[in-house]
*Asks:* 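Please see the structure below; I have some questions.
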Amino acid sequence: MTDHDPIPGLDRLATEIAPGRDLFADIERRVQSPLAALTRALRVRVGLSLATAAAALGLFLWMPQPPPAPPTVAHADPAALGDPALAEALATYRQAGAALQKALEARREDIPDPVWRDVAQSLRDIDAQLEQIEAALAQDPADPRLLSFAFAAHQQRVAVLGRLVQTFSRS
Amino acid sequence: MSMALRSRPPPPVLDDAVRAAQRGDVESFETLYRAHVGRIYAFCLRSCGDVHRAENLTQDTFVRAYKHLGAFKGDSALSTWLFSIALNLIRDDYRKAKGDISLDDTAEPAAPRHREMNAAIDLERAIARLPQKARMVFLLHDVHGLTHQQIAAGLDITDGTSKAQLSRARALLRERLTA
């Protein structure tokens, strides 16, 4: 056997392997200035927020109107955020979250107790995060990291509620 | 984790992406990342045998590439340039872990900890058991198509040493695959 004999299996060896997770988000965060990263992220997130809010509000309007539920999160003053687009995007998330929460509460008796307890705990955790973030934002409305955290927490809240409302609307 | 068979050459549109990324356009850099990440990650994963370290090395490769993209003149393929960055990072990683790679290093590394790769593939296992230097030369030359000259430059060795390491790697692989 010589050095030029083919290696068994070499022609079938993958030259490309996709990572198990998307690595680019971290790369982007590391190569961009925080402000530039936020600007780009916001372009995506504001678009997503509007789409999510539209879907959530559409679902809410389609469903029977539930009794009102009190808001659970103390919000920073949107006007203090300075940028009207940011304030509007955050307000849209709040409205979508509140609408979904009302819709979910209207389905309370259809939701098994263990699921409801988990949901309530998840929402309490998210709301506790949001309270801290919003309080910090009230002190420093232009901090890009705080804004980023606020959007992430609102997205998480809307996502949790949205999935549940959809699930229990089908049953 | 998904695998793809041998890659096609990147499309010409990537040249535009390189130029735009050199001007700081992150979306264009993402295009380059998507086009090359599979090969770079495959090389890192097979070199170090650890998913977490391979992910970090891949990310470090692209972060360094972005920061130094202005220095890329197109004398070689972008993939070759990226491999040279990854190679340097892998060497640094080895140095931190075990000291520099020695040409006399005959110790076999531990079997890869990752289970995502198909352990039934005899060749993958045999490659993972190659000595570090021979493994890198084999991967770069026989799997990713770099020349001995390019490998020698990346590893600070001579062309002849690169050829000798490749020959050694092939012999070990044949021996293990036919045993």
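Lettering follows sequence order; numbering is per chain, from 1.
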*Asks:* Ignoring hydrogens, what is the shortest heavy-atom contact between His144(B) and Thr15(A)? Give both atom names and the distance.
*Replies:*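 Scanning both residues, the minimum pair turns out to be CE1-O, 3.2 Å.
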*Asks:* Restricting to non-hydrogen atoms, name the atom on Gln59(B) and the atom on Leu23(A) that form the minimum distance, rounded to 0.1 Å.
*Replies:*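 Residues Gln59(B) and Leu23(A), closest heavy atoms: NE2-O, 3.1 Å.
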*Asks:* As a quick check of understanding, evaluate side chain to side chain contact (heavy atoms under 4.5 Å, CB included) for Arg34(B) and Asp22(A), giving each step before the final call.
*Replies:* CA-CA 10 Å; Arg34(B) 304 278 170 214; Asp22(A) 188 4; 3.0 Å; yes
*Asks:* Tell me, for Ile127(B) versus chain A, whether the close heavy atoms (under 4.5 Å) come from the side chain, the backbone, both or neither.
*Replies:*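 Interface part for Ile127(B): side chain.
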*Asks:* What do you reckon, is CD of Gln121(A) surrounded by more than 12 foreign heavy atoms closer than 6.0 Å?
*Replies:*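 Check passes, neighbour count above 12.
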*Asks:* Should Glu30(B) and Glu28(A) be marked as a side chain to side chain contact (heavy atoms under 4.5 Å, CB included) after you check the CA-CA gap, both sets of side-chain angles, and the distance that decides it?
*Replies:* CA-CA 8 Å; Glu30(B) 183 174 359; Glu28(A) 184 180 24; 5.6 Å; no
*Asks:* Could you measure the distance from the CG atom of Asp26(A) to the CD atom of Glu55(B)? Nearest 0.5 Å is fine.
*Replies:*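 Taking CG in Asp26(A) and CD in Glu55(B), the distance rounds to 9.5 Å.
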*Asks:* Less than 4.5 Å apart, side chain to side chain, heavy atoms only: is that true for Arg29(A) and Val63(B)?
*Replies:*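 Arg29(A) does not reach Val63(B) side chain to side chain.
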*Asks:* If you look at every heavy atom in Leu10(A) and Phe138(B), which pair is closest and at what distance?
*Replies:*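 Scanning both residues, the minimum pair turns out to be CD1-CZ, 3.9 Å.
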*Asks:* Nearest 0.5 angstrom please: Ile40(B) CD1 to Ile17(A) CD1, how far?
*Replies:*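 Answer rounded to 0.5 Å: 12.0 Å.
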*Asks:* For the candidates Phe62(B), Tyr66(B), Tyr33(B), which exhibits the highest count of non-hydrogen atom pairs separated by less than 4.5 Å from chain A?
*Replies:*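 Of Phe62(B), Tyr66(B), Tyr33(B), Tyr33(B) has the most heavy-atom pairs under 4.5 Å with chain A.
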*Asks:* Report the C-alpha separation of Val37(B) and Phe24(A) in whole Å, then their side-chain angles, then the decisive distance to 0.1 Å, and conclude whether the side chain to side chain contact (heavy atoms under 4.5 Å, CB included) test is met.
*Replies:* CA-CA 9 Å; Val37(B) 65; Phe24(A) 193 75; over 6 Å; no
